[in-house]
Amino acid sequence: MGGIILFDGVCNFCDSSVQFIIKYDQAEYFQFASIQSEAGQALLAQYKVPENIDSVILIEQGKVYFESTAALKICRRLDSFWPVNYIFIIIPPSIRNKMYRLFAKNRYRLFGRKEVCLLPTSSQRKRFL
């Protein structure tokens, strides 16, 4: 089984990121669920994700990853040159996550917010929980 990515379904940047991952995940390793969905809420509860986490969440091999670690682990599985970004894992998480949190805090202001979650196309539907 591949990884599961939980994302903010009303965030324009997060929606674009999911579309980007789908494009560069030709092996279809990842499945997706918005945090706001029933499946997303069930996974958050199952993996005991703290409520104050404002991040993309990656569930992979029974472990949960947040913030920059999740983003880098996602990059590692993508096609093209994206896995090279995993080199940034050597930067201490305290530094990486400080930058991640600053961006996450401003994502709605920079990219906007939707009223409803993304509706996947029929070909993408099988990848959404």
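Computation of the quantities below employed the complete heavy-atom set of this structure, encompassing side-chain atoms and omitting hydrogens, waters and symmetry-equivalent molecules.
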I'd like to know whether the aromatic ring centres of Phe13 and Tyr108 sit less than 6.0 Å apart in this structure. no
Check: Trp82 main-chain N/O paired with Asn85 side-chain donor or acceptor under 3.5 Å: yes
Does the Gln31 side chain pair with the main chain of Ile4, one donor and one acceptor, at a distance under 3.5 Å? no
Measuring from Lys73:NZ to Ile5:CD1, what's the distance to the nearest 0.5 Å? 13.0 Å
Distance in Å, Tyr65 OH paired with Leu72 CG, rounded so as to fall on 0.5 Å steps: 12.5 Å
Here the pair of heavy atoms bringing Ile89 nearest to Thr69 is CD1-CG2, 4.3 Å
Determine, using the 4.5 Å side-chain heavy-atom cutoff (strictly less than), whether Ile91 and Met99 are members of one ILVMFWY cluster. no
Rounded to the nearest 0.5 Å, the CD atom of Gln46 sits from the CG atom of Leu44 at a distance of 10.0 Å
Can you find a heavy atom in the side chain of Phe32 that is under 4.5 Å from one in the side chain of Ile22? yes
Indicate the atoms forming the closest heavy-atom contact of Ala33 with Ala39, along with that distance. CB-CB, 4.4 Å
Is Phe81 close to Tyr24 at the side-chain level, that is, under 4.5 Å between some pair of heavy atoms? no
How long is the straight-line distance from OG of Ser17 back to CD of Gln19, given to the nearest 0.5 Å? 10.0 Å
Applying the 4.5 Å side-chain criterion to the ILVMFWY set and letting contacts propagate, would Ile74 and Tyr86 be lumped into a single cluster? no
Check ion pair Arg101-Glu67 (N to O, under 4.0 angstrom): yes
Reported CD-to-CG distance for the pair Gln36 and Leu6, which is rounded to 0.5 angstrom: 10.0 Å
Any chance CD of Glu38 has more than 12 other-residue heavy atoms, nucleotides or ligands included, within less than 6.0 Å? no
Side chains of Glu60 and Tyr29: is there a donor and an acceptor less than 3.5 Å apart? yes
May I ask you to check whether over 12 heavy atoms, not counting those of Phe88, lie within 6.0 Å of atom CZ? no
Please name the pair of heavy atoms, one in Ile35 and one in Asp8, separated by the smallest distance, quoted to 0.1 Å. CD1-N, 4.1 Å
Exceeds 12 heavy-atom contacts within 6.0 angstrom, atom CD1 of Ile87: no
Less than 4.0 angstrom from a charged side-chain N to a carboxylate O is my criterion; do Asp25 and Arg127 meet it? yes
Minimal heavy-atom distance between Gly3 and Leu58, with the atoms involved, is CA-CD1, 4.3 Å
Taking side chain as C-beta onward, heavy atoms only, is Val18 less than 4.5 Å from Phe30? no
4.5 Å side-chain heavy-atom contact, Phe7 and Ser34: yes
Can you tell me how far apart CZ (Arg107) and CG (Leu102) are? Round to the nearest 0.5 Å. 12.5 Å
Which heavy atom of Tyr100 sits nearest a heavy atom of Ser68, and at what distance? CD1-N, 3.7 Å
Side-chain touch Lys63/Tyr47, heavy atoms, less than 4.5 angstrom: no
